[in-house]
2 protein chains.
Amino acid sequence: MEDVARAAGVSRALVSLVMRDSPLVSADRRKRVLEAAAKLGYRPNAMARSLASRKTGIIGVLLNDLHNPFFAEIMDGIEEVAEREGYRLLLSTGGRREEREATALEAMLEFRVDGVIMLSPLLSSAVVRRAAETTPVVVLSRTMRIQDVDTVVTDEAFGAQLAVQHLIGLGHVRIAHIDGGEYPSGPPRRRGYERAMRAAGLKSVVIPGDFSENGGTRAAEEILKMEELPTAVFVANDLAAAGAMARLQEAGLRIPDDMSIVGFDNTSLASLGQISLTSVNQPREEMGELAVRTILERIRGTRTETAHHLTTPTLVVRRSTAHPPVSSGWEEDAAGLA
Amino acid sequence: MEDVARAAGVSRALVSLVMRDSPLVSADRRKRVLEAAAKLGYRPNAMARSLASRKTGIIGVLLNDLHNPFFAEIMDGIEEVAEREGYRLLLSTGGRREEREATALEAMLEFRVDGVIMLSPLLSSAVVRRAAETTPVVVLSRTMRIQDVDTVVTDEAFGAQLAVQHLIGLGHVRIAHIDGGEYPSGPPRRRGYERAMRAAGLKSVVIPGDFSENGGTRAAEEILKMEELPTAVFVANDLAAAGAMARLQEAGLRIPDDMSIVGFDNTSLASLGQISLTSVNQPREEMGELAVRTILERIRGTRTETAHHLTTPTLVVRRSTAHPPVSSGWEEDAAGLA
DNA sequence: CTAATATGTGGGAACGTTCCCACTCGGAAC
DNA sequence: GTTCCGAGTGGGAACGTTCCCACATATTAG
């Protein structure tokens with residue numbers, strides 16, 4: 001910068017103003033500075049800038065699992081707003097392991113990011129609270145009621161109810177649920193399922209899962225061992241639903257003729273032609289955008305109360321659900337129920 | 001840091017040494033410093049540290065498309081080695097748009113990252129060359145022969161040959177290719193296909209595609225319009241293969257009975273039960289690890305010559321390929337060829 | 001023609017570290 | 001008992017910016 005100033009025959013301060021394109025510089029000098037900068041191949045040092053200005057212009061995003069398309073789609077929304085608002089993103093992955101997540105978070109805090117967005121974090125709420133003392137924090141896709149920690153979540157339980165009600169409406173009565181274990185969205189989805197079943201006077205059957213394809217496959221095996229097969233399965237997410245579906249088909253069941261399946265998240269996986277999975281949609285891009293806006297309010301100090309945003313899921317019907325098989329003998333009763 | 005030093009009754013320099021766990025500090029003082037730091041909630045400022053030490057301990061990773069599981073799997077390898085070697089990752093996405101990629105790259109350079117790994121970048125080689133003048137650069141999954149730009153690529157053409165030879169071995173003669181357009185891996189895969197076809201004395205038929213699911217679907221429509229259908233299709237990547245497969249099945253073709261399909265990348269998509277796609281495997285995790293090691297050699301100055309690593313693809317056979325239908329009347333000729 | 005007001009411009013002190021060098025101090029060697 | 005040594009410690013100058021304030025210059029009003 002020193003060199004650029006000298007080459008352009010101005011002071012350091014002026015170069016600084018030009019680099020941040022401040023409007024208080026005359027067109028003439030601005031041009032001279034830019035030319036000198038280009039000639040010398042000068043590139044501002046973001047570290048020094050952040051140090052001096054005490055802000056980084058960076059929002060940290062704690063990503064859990066790069067393999068789950070759900071997160072990629074939320075990122076689309078995050079990126080768009082961040083770019084528009086002139087913020088950079090520092091992504092980091094937790095790889096579904098709490099300890100690694102903590103390390104990644106710590107690194108972001110050492111970088112003095114202006115805010116942190118956590119996607120479905122595994123972190124204990126104590127750790128999150130402590131982070132929030134230092135910098136604004138927004139948690140996405142996990143309910144969390146901590147002072148000064150804003151959240152953006154979908155009404156997971158309601159989504160589960162939509163799924164169950166859709167199946168009931170088709171005439172299903174024996175509806176099983178492959179759950180997501182204790183990962184953040186697991187319990188609320190399970191509760192939504194149980195509540196909807198109870199409301200319809202039906203019996204809940206929960207098979208443990210873990211949001212992974214393999215988990216879905218294993219759970220499907222459990223189902224195949226049941227002495228009376230369900231006619232429909234509501235699975236905690238699309239990935240597990242795909243796994244379960246594959247296993248059930250392999251066992252000779254036709255989907256949806258012999259068994260209906262509903263997933264959750266409506267990821268790109270669900271819309272694949274070969275899978276064509278009925279699924280509960282979350283407005284992912286919108287959620288990502290909302291998260292950035294929420295954190296910007298904090299960063300800019302526009303808001304100080306804690307905010308909790310709840311988005312509403314919808315159901316997307318595809319070819320994996322249909323009426324239960326006639327042979328099951330339940331159709332009429334079920335129709336009556338719907 | 002000042003405060004911590006005062007609280008522990010030592011000098012700033014000593015605190016600095018403790019924070020970097022230098023061995024030249026007595027156990028007694030170290031303990032005192034750590035306690036003071038914990039009590040005051042002190043967290044070193046990574047910006048200041050980088051500024052003073054003139055290195056960041058960060059490797060920038062320019063990611064193209066978060067939606068493609070291929071990149072997620074490479075990231076697994078990158079993360080593992082980076083973590084083990086004590087480097088942080090600064091991810092950034094280009095979203096398959098050259099301009100955004102350039103912005104993201106510029107941002108990394110402003111941060112003075114210690115090196116940049118580019119995954120299948122769209123960037124012009126001039127831009128890459130310029131970046132390489134500032135900081136070590138490794139390009140992954142795109143051939144590039146620039147002084148001081150190291151590369152890690154799979155032998156794409158060989159992979160394509162494996163795919164074609166597998167189909168020929170099964171007896172196919174009319175084998176079409178849905179290509180990847182001008183995205184980095186498109187041309188080498190197309191050339192590999194053409195070469196293998198020529199070597200077998202067969203006629204190449206290339207349908208344009210773009211590595212996306214939709215592109216695959218559109219290409220499949222082109223195929224359906226052909227007056228003599230091919231009995232096998234080699235698609236430039238798994239995503240497009242899935243799209244094509246769905247469209248062909250919708251048109252009533254059975255896979256693999258009526259038509260065989262081979263993909264490329266062997267992503268998690270290919271192994272999904274419903275898709276079960278024969279695909280060319282790239283050692284993704286290994287490639288990620290290799291990329292980090294390669295860049296570390298540069299960062300540490302262990303090597304100064306430009307390095308080009310070539311990994312060898314393999315074929316993973318699944319249920320999407322089989323002998324051509326007997327009715328095609330070509331089986332015997334083809335068997336003779338194989 | 002002077003004073004008051006816009007506009008730009010420049011210098012110096014932060015920002016929170018690391019790095020370099022000079023120093024102290026206890027113990028070993030002569 | 002002096003000298004020497006090395007482990008451990010402390011002070012001051014970077015690192016490359018931004019920010020604050022004072023200043024120079026040109027423009028306008030009285």
Side-chain angles (χ1 to χ4, degrees), chain A residues 1-37 40-58 86 88 106-114 134-135 299, chain B residues 1-37 40-58 86 88 106-114 134-135 299:
Chain A
M1 180 153 138
E2 197 74 56
D3 301 339
V4 175
R6 203 172 315 117
V10 299
S11 74
R12 269 176 15 242
L14 195 59
V15 177
S16 167
L17 289 178
V18 172
M19 291 328 277
R20 285 176 288 160
D21 28 49
S22 146
L24 316 101
V25 181
S26 65
D28 167 46
R29 304 236 172 184
R30 152 166 287 128
K31 185 156 152 276
R32 285 226 314 269
V33 169
L34 288 178
E35 276 167 5
L40 274 71
Y42 166 76
R43 185 154 23 219
N45 183 321
M47 297 280 169
R49 172 177 298 187
S50 307
L51 185 58
S53 65
R54 320 174 56 81
K55 61 186 169 204
T56 53
I58 297 186
R88 294 244 145 82
E106 193 61 26
M108 289 183 174
L109 297 181
E110 287 187 3
F111 265 94
R112 304 294 191 265
V113 292
D114 292 346
T134 312
T135 190
I299 293 175
Chain B
M1 181 155 137
E2 197 75 56
D3 301 339
V4 175
R6 203 172 316 117
V10 299
S11 73
R12 268 177 15 243
L14 194 60
V15 177
S16 167
L17 290 178
V18 172
M19 289 331 273
R20 285 176 287 160
D21 25 53
S22 147
L24 317 100
V25 181
S26 65
D28 167 47
R29 304 236 173 184
R30 152 165 288 129
K31 186 157 153 275
R32 284 227 315 268
V33 169
L34 288 178
E35 276 167 6
L40 273 71
Y42 166 76
R43 188 158 14 223
N45 182 321
M47 297 280 168
R49 172 178 300 188
S50 307
L51 185 58
S53 65
R54 319 175 56 83
K55 60 186 168 204
T56 53
I58 298 188
R88 294 245 144 82
E106 193 60 26
M108 289 182 175
L109 296 181
E110 287 187 3
F111 264 95
R112 304 295 191 264
V113 292
D114 292 346
T134 312
T135 190
I299 293 175

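Computed over heavy atoms, backbone and side chain alike; hydrogens, waters and symmetry mates excluded. Order of the sequence lines fixes the chain letters, A, B, ..., with proteins taken first and strands second; residue numbering starts at 1 for each chain. Computed from a prediction, not measured in an experiment: that's the story for all the values here.
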Exercise. Quick one: how far along DNA chain D does chain A reach, first to last nucleotide 5' to 3', anything under 4.0 Å to a heavy atom?
Worked result: D:dG16 to D:dC19
For this session: Please test B:R54 against B:R112 for side-chain contact (heavy atoms from CB on, under 4.5 Å), starting from the C-alpha separation and ending with a verdict.
Result: CA-CA 8 Å; B:R54 319 175 56 83; B:R112 304 295 191 264; over 6 Å; no
Problem set entry | Donor-acceptor pair, side chain of A:R30 and main chain of A:V18, under 3.5 angstrom | no
Exercise. Any sub-3.5 Å donor-acceptor pair from B:T135's side-chain atoms to B:L109's backbone N or O?
Worked result: no
Exercise. On DNA chain D, nearest-nucleotide positions of B:V25 versus B:L51: which is more 5'?
Worked result: B:V25
Problem set entry | B:A13 vs B:A52, nearer the 5' end of DNA chain D by closest nucleotide | B:A13
For this session: Please say which of B:V15, B:L14, B:L17 ends up in a side-chain contact (heavy atoms from CB on, under 4.5 Å) with B:R29.
Result: B:L14
For this session: Would you indicate what B:R12 reaches in the nucleic acid, counting non-hydrogen atoms under 4.0 angstrom: base, sugar-phosphate, or nothing?
Result: base
Exercise. Step by step, would you call A:R88 with A:T56 a side-chain contact (heavy atoms from CB on, under 4.5 Å)?
Worked result: CA-CA 9 Å; A:R88 294 244 145 82; A:T56 53; over 6 Å; no
